[in-house]
Amino acid sequence: WLWMLWVSVSLLMVAFAYLTGNAAVFQKQADGRLSAAATILLLPYLVGVRLNMAYWLRGKAKTAQVRDDVWIGSISGISDDLPAILDVCAEYPRPRYRGAYRALPLLDMVAPSENDLMQAASLLETLRRQHGKVLICCALGYGRSAAVVLTWLLVYGGCRDLAQATAELKQARPQMVLPPETAKAVEAAAGYLKNFGADQKENP
């Protein structure tokens with residue numbers, strides 16, 4: 001029964017994170033690791049996440065190139081061959097990595113907020129300019145990271161609209177998903193960033 005209690009506590013913590021919309025429940029640190037307490041309490045769930053990633057990524061590339069300097073993929077595809085990483089996976093710790101790393105934890109299967117997308121797209125662009133090549137990753141590289149890349153393509157990548165950005169991203173990551181609520185957040189975030197950039201040019 002102690003084993004069942006451990007699993008129950010783990011899943012209750014995850015349920016609380018989703019009920020409150022609070023990715024901080026996973027206690028992912030700036031270095032990409034989960035706190036010791038979260039790791040112990042969430043270990044049954046983390047095992048499930050790892051198995052889920054292995055299942056959905058079997059026979060598929062862990063990372064894919066969108067542009068020469070922007071890649072998308074799974075957190076399990078992190079390697080030292082990549083000079084910079086932007087990690088938006090809240091629920092799983094990053095593997096060992098020695099390059100430039102930034103974390104912006106977002107919940108899986110939940111539409112990111114406009115503010116989250118604006119922050120992530122801006123951070124992606126900063127890492128790209130500083131390091132020349134950056135991987136944006138989540139659990140699979142299909143959802144959260146796709147939303148960030150779409151926002152980046154609209155603001156910094158020269159795509160005229162969401163349809164063009166989506167078509168380009170699907171060439172690199174055909175499995176990407178874009179629910180209607182996420183699409184609205186992407187367009188709103190991109191519109192704000194574009195307007196903000198225009199305002200900055202007019203009022204330096």
Side-chain angles (χ1 to χ4, degrees), residues 23 28-32 61-90 92-106 108 111-178 182-183 185-201 204:
K28 190 159 189 173
Q29 311 299 302
D31 64 1
K62 291 183 179 179
T63 62
Q65 183 178 355
V66 182
R67 296 278 178 92
D68 289 342
D69 45 9
V70 174
W71 289 61
I72 187 172
S74 166
I75 191 171
S76 62
I78 290 178
S79 75
D80 288 328
D81 294 335
L82 297 156
I85 302 293
L86 175 56
D87 177 8
V88 294
C89 180
Y92 199 78
R94 69 160 176 83
R96 290 183 180 180
Y97 177 68
R98 295 193 296 267
Y101 174 86
R102 295 293 298 272
L104 182 63
L106 303 176
D108 193 15
S113 71
E114 295 172 20
N115 286 335
D116 285 335
L117 289 174
M118 288 188 291
Q119 184 179 353
S122 298
L123 188 52
L124 175 58
E125 175 64 7
T126 298
L127 289 170
R128 184 192 69 82
R129 290 183 177 181
Q130 291 176 345
H131 302 281
K133 181 177 174 182
V134 57
L135 169 71
I136 168 85
C137 64
C138 56
L140 301 174
Y142 297 165
R144 290 163 285 184
S145 53
V148 175
V149 170
L150 288 171
T151 306
W152 180 86
L153 285 170
L154 287 170
V155 179
Y156 304 102
C159 288
R160 64 180 179 273
D161 55 32
L162 185 57
Q164 183 184 8
T166 303
E168 179 175 345
L169 183 53
K170 280 189 175 180
Q171 289 292 320
R173 204 67 169 167
Q175 303 88 359
M176 63 152 285
V177 293
L178 184 64
T182 301
V186 166
E187 291 183 311
Y192 182 85
L193 281 175
K194 287 179 180 179
N195 291 334
F196 179 76
D199 290 344
Q200 289 292 92
K201 290 178 181 178

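Along the sequence shown, residues carry numbers from 1.
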Practice problem: Heavy atoms only: give me the nearest K194-L154 pair and the separation to one decimal. | Solution: CE-O, 2.7 Å
Quiz item: Atom NZ of K62 and atom CG of L140: how far apart are they, to the nearest 0.5 Å?
Solution: 11.5 Å
Quiz item: Among pairs that include at least one residue of residues 132-147, which meet salt bridge (charged side-chain N to carboxylate O under 4.0 Å, His left out), considering only residues two or more places apart or in two chains?
Solution: E91-R144, D108-R144
Exercise. Might you point out which heavy atoms bring R94 and D31 nearest each other, and give the distance in Å?
Key: NE-O, 2.5 Å
Practice problem: Go through the steps to decide whether V155 and E125 satisfy the test side chain to side chain contact (heavy atoms under 4.5 Å, CB included), and finish with yes or no. | Solution: CA-CA 10 Å; V155 179; E125 175 64 7; over 6 Å; no
Quiz prompt | From CZ (R98) to OG (S79), nearest 0.5 Å | solution = 10.0 Å
Self-check item: Pairwise distance SG(C137) to OH(Y92) - rounded to 0.5 angstrom
Solution: 12.5 Å
Self-check item: Donor-acceptor pair between D87 and Y101 side chains, under 3.5 angstrom
Solution: yes
Exercise. Check I75 against C89 and note the closest heavy-atom contact, atom names and distance.
Key: CD1-CB, 4.2 Å
Quiz item: Side chain of D116, backbone of P112: donor and acceptor closer than 3.5 Å?
Solution: no
Quiz item: Can you check side chain to side chain contact (heavy atoms under 4.5 Å, CB included) on L82 and I78, steps first, answer last?
Solution: CA-CA 7 Å; L82 297 156; I78 290 178; 5.7 Å; no
Self-check item: Stepwise side chain to side chain contact (heavy atoms under 4.5 Å, CB included) check, Y156 with S122
Solution: CA-CA 9 Å; Y156 304 102; S122 298; 3.5 Å; yes
Exercise. Evaluate the criterion side chain to side chain contact (heavy atoms under 4.5 Å, CB included) for residue pair Y97 and I85; output intermediate values, then yes/no.
Key: CA-CA 9 Å; Y97 177 68; I85 302 293; 3.4 Å; yes
Quiz item: CG of L193 to CE of M118: how many Å apart, nearest 0.5 Å?
Solution: 6.0 Å
Quiz item: Do you know the tightest heavy-atom contact between C138 and V88?
Solution: CB-CG2, 3.9 Å
Quiz item: What is the distance from atom OG of S145 to atom CD1 of I72, rounded to the nearest 0.5 Å?
Solution: 3.5 Å
Quiz item: Side-chain contact, heavy-atom cut-off 4.5 Å: V70 with L135?
Solution: no
Self-check item: Donor-acceptor contact present, side-chain T166 to main-chain L162, <3.5 Å
Solution: yes
Practice problem: Measure the spacing between CZ of R96 and CG of D80 and express it to the nearest 0.5 Å. | Solution: 10.5 Å
Practice problem: Apply the salt bridge (Lys or Arg N to Asp or Glu O under 4.0 Å) test between E168 and each candidate in R67, R160, R173; give the one that qualifies. | Solution: R67
Quiz item: Got a sec: does the CD of Q130 have more than 12 other heavy atoms crowding it under 6.0 Å?
Solution: yes
Quiz prompt | Heavy-atom closest contact (A30 atom, A103 atom, distance) | solution = O-CB, 4.4 Å
Exercise. Provide the closest heavy-atom pair for T151 versus A190 in the form atom of the first, atom of the second, distance.
Key: CG2-N, 4.1 Å
